[in-house]
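Atom set for the values below is all heavy atoms of this structure, side chains included, hydrogens, waters and symmetry mates excluded. Numbers restart at 1 for each chain; the letters A, B, ... are given by sequence-line order, proteins then strands.
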Protein chains: 2
Amino acid sequence: MARNVEFDETLAIQKAMEVFWKQGYNATSMRDLTDAMQINSSSLYNTIGDKQELFVRCVNHYTDIRKKDWDKRLSSKDSPFSVLVDYIHDAVDIIINGQDSCMAIKCAFEMATNDQRVKDILKEDSDRSYQFLYNLIQSAMLKGEIDADEDPALLADYFNSTWTGWHESYILHKDPVKIKRMAQYFIKQLSK
Amino acid sequence: MARNVEFDETLAIQKAMEVFWKQGYNATSMRDLTDAMQINSSSLYNTIGDKQELFVRCVNHYTDIRKKDWDKRLSSKDSPFSVLVDYIHDAVDIIINGQDSCMAIKCAFEMATNDQRVKDILKEDSDRSYQFLYNLIQSAMLKGEIDADEDPALLADYFNSTWTGWHESYILHKDPVKIKRMAQYFIKQLSK
DNA sequence: TTTATTCTGAAACAATTGTTTCAGAATTGT
DNA sequence: ACAATTCTGAAACAATTGTTTCAGAATAAA
């Protein structure tokens, strides 16, 4: 017998996420957030909570999107190797054409050492990324698309690490060719 | 015909660097800094400048230390390949035993997109790291320690990227074995 | 010792921070 | 239409932010 919340919470989180993503946690003020979300701080504190809580929701929102993408790719009917190669090419495209680096990475370096909740979310996200790659690599090995001598666990970790570094490289050097060559080298190593 | 500065500037920068390194730029207040440096803010503003200027000095200090390490290693009389392998092992040890991730990396993700001066310093540091690796790899190739088919430019970029990712991995998973295995894999690829 | 200059310490600055308050507008089920 | 409840907007909160001020202590050269 009362009023309902006026704003779309998912949309508001999306907007907040974009601000946190671009500026980081500490450089973002509550004013920045309420401006972007187009809601009053009282509504924000009533429905979501304080700055930390909002940030956690945003990181969760970010990792949820990644999770959906992985699930979608895993359900593809193409060969595992081609799904893997497509994924790597898309990953490179995002680095080169994206507005900003991966939020999970930025966040890991800014927050994960100090905030246990954020760290746990990012660790889970990293585990999912690992599982996604491990799954594809192993399937590709069973189909003979990747040399059976390779260790899928190692390669999965290895790609995750390398991919993080590509982001840093692109921040500093803005050199698309550099990234593409490294991606090509990684793919070549898989297939021989 | 007047007074001299009372505090040791190099030592003060060192102390400030440690605070920035641990907390990042935006999470660090001027009070945090003056407390650690053990000087009054008026002295700080008189001698060094504002927060941004201090940060730039700290990043420069950090990259200077790295530069000296690279120069020292390059002047070694050991074989280039063994210098390279030693360097990789030391890099792994720093990740596993260090208090915090590499400041240059943290800084690249927090600041480099917004602050041109910081970005330029980090880019130069990254170029030096590249040159260091390129130099060693090429020398090792000439001596037949590394397969002549490899591309030293690509391998140098590749190691830099991978190494950045190792930091992220260790922040999230705190798994020394993971890092060591990846390092071993990289070295193996070099030598075969 | 004097004098000229510079550094230091403590306090203060306005602006911004994250968060709370509360009166009144809004909307639900009856 | 009613009453009960909840949401919203604007203002205010104390605390902290980066930075400045300035009187006086300190010291170099004369």
Side-chain ion pair, B:Asp69 and B:Arg73, N-O less than 4.0 Å: yes
Could you check whether B:Lys67 pairs with B:Asp71 (Lys NZ or Arg NE/NH1/NH2 to Asp/Glu carboxylate O, under 4.0 Å)? yes
Of the candidate nucleotides [options], which contains the atom at the shortest distance from the side chain of [X]?
{"X": "B:Ser41", "options": "D:dT19, C:dT8, C:dT20", "answer": "D:dT19"}
{"X": "B:Met30", "options": "D:dT8, C:dA10, D:dG18", "answer": "D:dG18"}
{"X": "B:Asn40", "options": "D:dT8, C:dG9, D:dG18", "answer": "C:dG9"}
{"X": "B:Ser42", "options": "C:dG9, C:dT19, D:dT20", "answer": "C:dG9"}
{"X": "B:Ser29", "options": "D:dT20, D:dG18, D:dG9", "answer": "D:dG18"}

Touch class at under 4.0 angstrom, heavy-atom based, for B:Thr28 against every strand present: sugar-phosphate
Can you measure [X] atom [atom1] to [N] atom [atom2] for me and round it to whole angstrom units?
{"X": "B:Arg31", "N": "D:dA15", "atom1": "CZ", "atom2": "P", "value": "14 Å"}
{"X": "B:Leu44", "N": "D:dT19", "atom1": "CG", "atom2": "C1'", "value": "10 Å"}
{"X": "B:Asn46", "N": "D:dT20", "atom1": "CG", "atom2": "C1'", "value": "10 Å"}
{"X": "A:Leu33", "N": "C:dT17", "atom1": "CG", "atom2": "P", "value": "11 Å"}
{"X": "A:Ile48", "N": "D:dC7", "atom1": "CD1", "atom2": "C1'", "value": "14 Å"}

Is the charged tip of A:Lys106 near the ring of A:Phe20: under 6.0 Å from the six-membered ring centre and within 45° of its axis? no
With nearest nucleotide decided by heavy atoms, which residue, B:Ile39 or A:Tyr25, maps closer to the 5′ end of DNA chain C? B:Ile39
Below 6.0 angstrom between ring centroids: does that apply to B:Phe132 and B:Tyr87?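 Centroid distance B:Phe132-B:Tyr87: below 6.0 Å, so yes.
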